[in-house]
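To keep things clear, I will list the structure first and then write my remarks on it.
Each chain gets a letter, A, B and so on, in the order its sequence line appears, and its residues count up from 1. Computed from a predicted structure; not experimentally measured.
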Amino acid sequence: MENSPDSAASLLEVRGISKSFGAVRALQEVDFTLRAGEIHALLGENGAGKSTLIKVITGVFPRDAGIVRISGEEVAPRSAKAAVQAGIATVYQEVNLLPNLSVAQNLFLDRQPMRFGIVREGEMRRRAKTLLADFGLDIDVAAPLGSYSVAVQHVTAIARAVDLSARVLILDEPTASLDRHEVEILFGIMRQLARRGIGIVFVSHFLDQVYEISDRITVLRNGRLVGERETASLSRLELIRMMLGRELAETTSARAAAGARKTREVCASFEGYGKAGYVAPFNLELRHGEVVGLAGLLGSGRTETARLVFGAERADRGQARVEGAPVRLQSPRDGVRHGFGYCPEERKTDGIVAELTVRENIVLALQAKRGLHRPLSRREQDEIASRYVKMLDIRPPDPERPVGLLSGGNQQKVLLARWLATSPRLLVLDEPTRGIDVGAHAEIIRLIRELCDDGLALLVISSELDEIVTYSDRVVVLRDRAHVEELTGEAIDVGNILAAIAADSVAVALEAHT
Amino acid sequence: PANAAELTIGFSQIGSESGWRAAETSVSKQEASKRKVNLKIADAQQKQENQIKAIRSFIAQNVDAIFLAPVVSTGWDSVLKEAKEAKIPVVLLDRDIDPSGKELYLTAVTSDSVHEGEVAGDWLAKTVGGKACNIVELQGTVGASVAANRKKGFDTAIAKHANLKVVRSQTGDFTRAKGKEVMESFIKAEGGGKSLCAVYAHNDDMMVGAIQAMKEAGLKPGKDILTVSIDAVPDIFKAMVAGEANATVELTPNMAGPALDAIAAFKDKGTVPPKWIQTDSKLFTATDDPQKIYDSKKGLGY
Amino acid sequence: MKGLPPVLITAVVLVAGFALCAVQFPNIASTRVVGNLLTDNAFLGIVATGMTFVIISGGIDLSVGSVIGFTTVFVALAIERWGMPPLVAFVAILALSAAFGAAMGAMIHVFDLPPFIVTLAGMFLARGASFLLSTESVPITAPVYSTVSDFALRLPGGGRLTAVAIIMLTIVIGGALLLRLTRFGANVYALGGSRQAASLMGVAVGRMTVKIYMLSSLLAGIAGIVFSFYTSAGYSLSAVGVELDTIAAVVIGGTLLTGGQGSVVGTFLGVLIQGMIQTYINFDGTLSSWWTKIATGVLLFAFIALQQGLVALARRPVAKRVGAVS
Amino acid sequence: MTALLPRRGLAQILALIVILAVDRVVSPQFFDLRLQDGRLFGSLIDVLNRGTPVALLSLGMVLVIATRGIDLSVGAVMAISGAIAASLADTHSLAVVLAAALGAGLICGLWNGFLVAVLGMQPIVATLILMVAGRGIAQLITEGRIVTFSSPDLVWLGNGSILGLPVPVAIALGMLILTGAVVRGSALGLLIEATGGNARASELAGVGTRAMILAVYVWCGVCAALAGVIAAADIMGADANNAGLWLELDAILAVVIGGTSLFGGRFSLVLAVLGALIIQTMNTGILLSGYPPEFNLLVKAVVVLAVLLLQSPKLSGFAGVVTRLRRTKA
Ligand SMILES: Nc1ncnc2c1ncn2[C@@H]1O[C@H](COP(=O)(O)OP(=O)(O)OP(=O)(O)O)[C@@H](O)[C@H]1O
Ligand SMILES: Nc1ncnc2c1ncn2[C@@H]1O[C@H](COP(=O)(O)OP(=O)(O)OP(=O)(O)O)[C@@H](O)[C@H]1O
Ligand SMILES: [Mg+2]
Ligand SMILES: [Mg+2]
């Protein structure tokens, strides 16, 4: 559109792609060009159509109109397999691997090393091990993939795509669940692949990463192409304007009123709380109007802490109190009854009920809390749903749409809405901003502050240390499934958190990167 | 016979798919205990493979004789050969097996189910006389040999009379509920049942259901529409007493009695019984004092 | 690796059950009874092997019992009435049943219909078709039949390893290898993990679905032939309800009905467990029809509960989400 | 509920109309209705009346399936409750008879629910246990005989009529309304759908998923028991050997024809009952047609497949295949 690229150098060329889902026009006449050897960021708000564009290119969705060329030759893959054969390797946004298969099988599914029609298991494992070693992962590749964290699963998916040694590599939000260290490794590999002439499409909501890695940027908004620019010549402000179609309201310095909140009452407290083989006993106080951040490396026990606090996992020692009164948290129901809420990190498996509508997903927790015999009338449901759809800017703003059809970021907002609707006293958020666009990201952080000002207690897990630093009144640092440090007030900064994590060498290496 | 006291006999029974079958089982037990025979009954739940397994395990336990009520006529050769090798005499109850196996069993105590159908057909022909008569037929389970035979016998009997015609024939699976449902649809399909003259059912249970269907449709079974069925279970005599059923052909549940006698004679004196001990296919009608028969049959475990 | 613990647990349950039975009826612990167990359950072992593939892939196949029934009738008629040489009849029926399975698989994939219902319709269809062929049971007198049913390897202690048992063991071993060692096998697990993910990873989901149901029906066809050896006859009502026995065997063998996990060896053990329950009841020989049913249910419950208990026990000491091993 | 019908039920209604039309062709008097002894009489009434047991079963089954479960034991539960009702009918009042029979169904449901929700067994095997043992229990009660009774109260349940409608039909209608009121009038429907759609997520949202699962199996047991009582009342006797035999498959079929996925989640009571009617319309048509019974199963198979294809969400899938074929040809 704005600069018509030299089509000889273009590796992947997309012209006039349109795609509708019923009444929703997810893509309209989108053009996109990827050159050999470049890293091309594909950006846009949640629901802009990035994932849809990718799936249309790889033939997962049939397209309504448009053409796709690879090296000038028109292709029309009709399945993911055909796309791979056409030279396009893809990591889709939701980790689409098979949790029941071993890591090695996942890496080599449908292309296992064979001899006499028999899979060479040993050879496959060896290769898997070397492959993952490039990504700094040293794990048992014979174990089922599902026994590893989302991060490991994501790295596996990326390693698989990279190893397909295609001409085009598409990565849809590959860094959402990775920590800095893993992101660095990934970027190293991406650069190396680009040098070999492979074209890489990179989707991310982390603008820092976009500026760090990409050569060019294409922006989509509401299913339309906004423009394509050289990264070097595009200012951040300009980029955000392209994505949102407006200026981003400046995030106010979040911890403005920190001092005043110190005096707030304790909402929930945990003494010597823990579970053998899960998380070491810890003490934790959560106060009204206060945000506590949980920081730590992957696998350090943050999610586990969150689950214990909420009641999703039963503690085998220690005492929990709510507003000073001792309580027993045996099940999520207990948590909900005491006014807790919990947004889990794996929204697809633990969060949304894909088949149900946005409205039903939003009222679910509230209804469960009220009990069977006090059903919310349809009017109340509609009212609640439309309030939160508006408040959180869920798109498309249709409460009757099955949640599974929403883009990832919007699903996250629905989950948040589910808990806000219960007017909780304590909200536990595990990676609430994962996969959320810049606009919504700022929005959610603002929301966290607001909730906090309304007297809510918040326990927030995030791998974004910058983010944690912005909103937390206190930061608990975890290492090896134990709470090792608590930072308050002025002590909260990225450096100190890293220092707390840095009891082992990995963290030292990490620090070097920042 | 004195020696019979020491006998242990394995009985591979088909299952408990009907009241008649339950009666056969309980009569067998009574007959065995009368003769002080230790009868081991293995219930096959209507599966031939279970019967084969049961016979194998009887052989493994080295019983003195095996009674077999075969669920199907074919497929017994190899297992009966095993019994023969082990020198265990086999007596078939209730149903015959395929001819190829004749030398594999001692004797068969069965009725002739084709003959049963004929008896029913003959009775109907005689009762109707020269009038034109539209008959509906309630068949047994599709694929069951008894059903096929009873159909065959009946068809042969009425083939001789041009005035008798089977206008509809559908399976009622040998059950009351299906018998009723099928009869309901027959009545609808035949213009409210006015044109029907008789119902023939492959067993009494279906007929009991059919009688209810007729009554609910405002018809008078036993009067407007003649009924003839097979088995002679107690409930059909009850219907006869009420004037709602006309005839039934008896299939005696006492197959084990003659079989036990034959085995005892064989073991005691080496008497080889005839290959086929045929049980009576006796016709009962309202003239046979159905109340008395009902009372006598009630306790047999139908 | 994966799937091993449940198999081990099933094996433990089997051995424990066998020991208990043998204590009560010492006769049970003989090669004769073990040989009978294998022979009597040969056809079940064969269909269950196919069913294992289907269930691991996340599907279910209710048509197998009817396919067995149809096969016996077809084979009997082909040999006895239509004068086909037995081998030709076997090839014909296997081709037919494979095509039948393929058609069901295609139906499931193309129209996105639930396997439960498609195969239920398949069950009606195959049974109905066998009624059309013949409602009478047809004895088979071909010499191959007596040769095959008489053939047996004598085991020490009077037991016999019959031809059908050998066929079954071969198929079980072949199935286990196919599932464990080949790309096809890996894809079966992949489908059970998630059809969508498998498709995104490049597995030809449609073709796999067709192949899996084809395999299941093919094995049901083989089981039908074995059944016809077993009884030397074809009968349209044979193997009624076998689909449920088969599913039970597969599930007792540690395969999840939700798909993605399981093993052929486990299924084989499941078949033996069911056979043993039957043997026990036959040895007892005092049970009436109803007590037989109740006892079967109770034993089924006991075995499954025991298995669940062992699984829970095996899981307990390990922390829920184990850290990375390196 | 009503809001859901028009959009979702179109395929089912269409299927029903088509089958009714076919029935009319094979049996010209299919739509004839007349009053006979204060009771409507005709093939249509037969369809409703004979469809009642499966309709009742499907009312319970649809909830079980909505939670991603399945209940194979309903046929056996029918046999048990029928046996209990028949053995008590002549000596006890109708209230006692019903209480005992439905109570038995409730206990059976509790047992199934316990195995699934508490012991975590897979529903298909968990209920297979009762499917096998339950029929044995029923036979134990009747000792394998057909236990007959003459209590007019119980007979009325099977053969009486209310406002011209057979009592069983009225009962099924009442149960549909009751179940609908309970499920949709409370939050149960939403919570069941959530449990079936994603049990883990629902649990984390505070839904008592175990209680939900237990509740649906109990309800399924009660519905099956009621169906059993009606089946026994219909033939004035309890046939433990055959009552409800293989009806579990019909009930599951009805639910699936009614558009509820076997993978749980969204369900519709009305459409499940409509599914039961579709099946019965087909069965009655087969009986009226006068074809030899050897054809019954074939016809059934073909009709089932046709109905499923008719409502397949992928009729568009079929269109897709056609266009694909065209595209490859072009
Ligand atoms: N399978 C589907 N059926 C119907 N609508 C869909 C489907 N997939 C996506 N959509 C809709 O298409 C639009 C674009 O979604 P898409 O997933 O491409 O967004 P995205 O840019 O990847 O967003 P995110 O950053 O949140 O991942 C959204 O409105 C979404 O609701
Ligand atoms: N780098 C890694 N290598 C191997 N296994 C890992 C790695 N990181 C995490 N895991 C596995 O993932 C599991 C989940 O970790 P956990 O949820 O406790 O982490 P967390 O601190 O909550 O991190 P996050 O929420 O960011 O994933 C760990 O128990 C561990 O088995
Ligand atoms: Mg996306
Ligand atoms: Mg975590």
Side-chain angles (χ1 to χ4, degrees), chain A residues 62 76 78-79 306-307 310-313 331-344 346-357 359-378 381 400 402-404 411 415 418-419 421-422 424 428 430, chain D residues 1-4 7-8 66-68 181-212 214-216 219 259-268 313-314 316-317 319-328 330:
Chain A
R78 268 181 266 125
S79 68
R307 288 175 62 89
F310 178 62
E313 201 73 45
S331 69
R333 275 177 79 68
D334 290 343
V336 172
R337 212 172 4 242
H338 289 118
F340 296 179
Y342 170 53
C343 285
E346 292 175 41
R347 69 173 163 248
K348 201 165 119 186
T349 56
D350 296 355
I352 59 163
V353 183
E355 206 187 347
L356 297 191
T357 61
R359 164 179 58 84
E360 288 165 322
N361 269 282
I362 290 179
V363 302
L364 185 60
L366 177 57
Q367 184 60 69
K369 188 176 180 180
R370 287 165 61 109
L372 278 183
H373 44 283
R374 290 172 53 213
L376 291 157
S377 73
R378 180 61 193 259
Q381 295 186 14
E400 295 310 308
V403 132
Q411 294 178 355
L415 286 186
R418 170 187 295 172
W419 290 110
T422 65
V428 182
D430 197 347
Chain D
M1 223 177 359
T2 37
L4 283 178
R7 218 187 323 148
R8 290 185 59 203
T67 64
R68 244 170 200 264
V182 169
V183 164
R184 297 297 180 189
S186 75
L188 205 60
L190 174 65
L191 300 190
I192 287 174
E193 287 181 339
T195 304
N198 186 344
R200 262 172 78 162
S202 306
E203 177 89 40
L204 281 177
V207 179
T209 50
R210 277 188 188 188
M212 289 304 129
L214 209 62
V216 294
W219 191 241
T260 299
S261 159
L262 285 168
F263 295 109
R266 285 258 180 257
F267 68 91
S268 161
K314 303 294 138 123
S316 51
V321 172
V322 174
T323 43
R324 257 185 230 171
L325 285 177
R326 279 214 202 107
R327 212 193 296 163
T328 38

Open item on the list: I need the residue from Ser261(D), Gly264(D), Gly208(D) with the largest number of non-hydrogen atom pairs under 4.5 Å to chain A.
Closed with: Gly208(D)
Open item on the list: Using side-chain heavy atoms (C-beta onward) and a distance below 4.5 Å, is Thr209(D) in contact with Arg333(A)?
Closed with: no
Task: Close side-chain approach of Leu356(A) to Leu190(D), heavy-atom, < 4.5 Å - done: yes
TODO: Considering non-hydrogen atoms only, spot the tightest contact between Gly185(D) and Pro375(A) and give its length.
DONE: O-CG, 3.2 Å
Open item on the list: If I compare all heavy atoms of Glu355(A) with all of Arg266(D), which pair ends up nearest, and what's the gap?
Closed with: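 In this case the closest contact between Glu355(A) and Arg266(D) is OE2-N, 3.2 Å.
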Task: Distance, nearest 0.5 Å, that separates CZ of Arg200(D) from NZ of Lys348(A) - done: 12.5 Å
Task: Which portion of Phe340(A) sits near chain D, non-hydrogen atoms under 4.5 angstrom - done: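 Neither part.
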Task: Heavy-atom contact with chain D under 4.5 Å, split by part of Ile352(A) - done: backbone
Task: Residue that, paired with Val207(D), satisfies side-chain contact (heavy atoms from CB on, under 4.5 Å) out of Leu364(A), Val353(A), Val336(A) - done: Leu364(A)
Open item on the list: With a 3.5 Å distance limit and no angle check, can you tell me whether Asn198(D) reaches the backbone of Ala354(A) through a side-chain donor-acceptor pair?
Closed with: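 Checked: no pair found.
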